[in-house]
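What follows is a single structure, written as structure tokens, with notes after it.
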Amino acid sequence: GAGVSQTPSNKVTEKGKYVELRCDPISGHTALYWYRQSLGQGPEFLIYFQGTGAADDSGLPNDRFFAVRPEGSVSTLKIQRTERGDSAVYLCASSPGTSGIDEQFFGPGTRLTVL
Amino acid sequence: AQSVTQPDIHITVSEGASLELRCNYSYGATPYLFWYVQSPGQGLQLLLKYFSGDTLVQGIKGFEAEFKRSQSSFNLRKPSVHWSDAAEYFCAVVSGYSTLTFGKGTMLLVSP
């Protein structure tokens, strides 16, 4: 079956612009996660959804970052007033959500470059 | 807070030789531990996981890992490395309810 997909695969924007990154989880997965991976680092947690609600958004670095999942499926990560330091690969993962230790299935990521 | 340390940024192994990638964790209770592999242009793929029970866990692609509570370690091993194993490997621990805290990764290079 289809895995987690993310669009776009690459996004180049200018400092100060607004961007949206999309994640399509595996069908039926209720849990969805966003991570950010900077060069030479491991992924860092941003936000976790269970269904439509954000169960944990403690990883969002500041109020320029926001994510939604209005119908409990597709999620959009939104970044306002982008800064060069936001350049990274943004990873999305989904899991069945039946247990806190379900395997998370990762998408290929969106590489964001802020010029 | 939970944390994971992967002391080796990169490791070079000859094809056919054995491999051990180190992972140390910091966690008060019994940790839930994972190893993921990331190939260029690919998403993270789960190799294996440890929740409880047998401390030696088997994974995909011939990998195994051993949980050692006394050493706070969860090292990844493979008896014979193939050129296709060249990739970046991440150790992770569950923190909070289900989010993952990753190490910085170890890049594996395989020489002919």
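Letters A, B, ... are given to chains in the order of the sequence lines, protein chains preceding strands, and every chain is numbered from 1. Reckoned from all heavy atoms, side chains included, excluding hydrogens, waters and symmetry mates.
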Please classify the contact of Q6(B) with chain A as side chain, backbone, both or neither, using a heavy-atom distance under 4.5 Å. neither

Is E83(A) salt-bridged to K15(A), cutoff N-O under 4.0 Å? no

Tell me whether D85(B) is salt-bridged to K61(B), with the criterion being a basic N under 4.0 Å from an acidic carboxylate O. no

Counting only non-hydrogen atoms closer than 4.5 Å, does E44(A) touch chain B with its backbone (N, CA, C, O), its side chain (CB onward), both, or neither? neither

Using non-hydrogen atoms only, which part of F105(A) is less than 4.5 Å away from chain B: side chain, backbone, both, or neither? neither

For chain B, which of G42(A), P43(A), G109(A) has the most heavy-atom pairs under 4.5 Å? P43(A)

Side chains of Q2(B) and Y32(B): do they bring a donor and an acceptor to under 3.5 Å? no

Within 45 degrees of the ring normal and closer than 6.0 Å to the centroid, is that where the cationic atom of K78(B) sits relative to F63(B)? yes

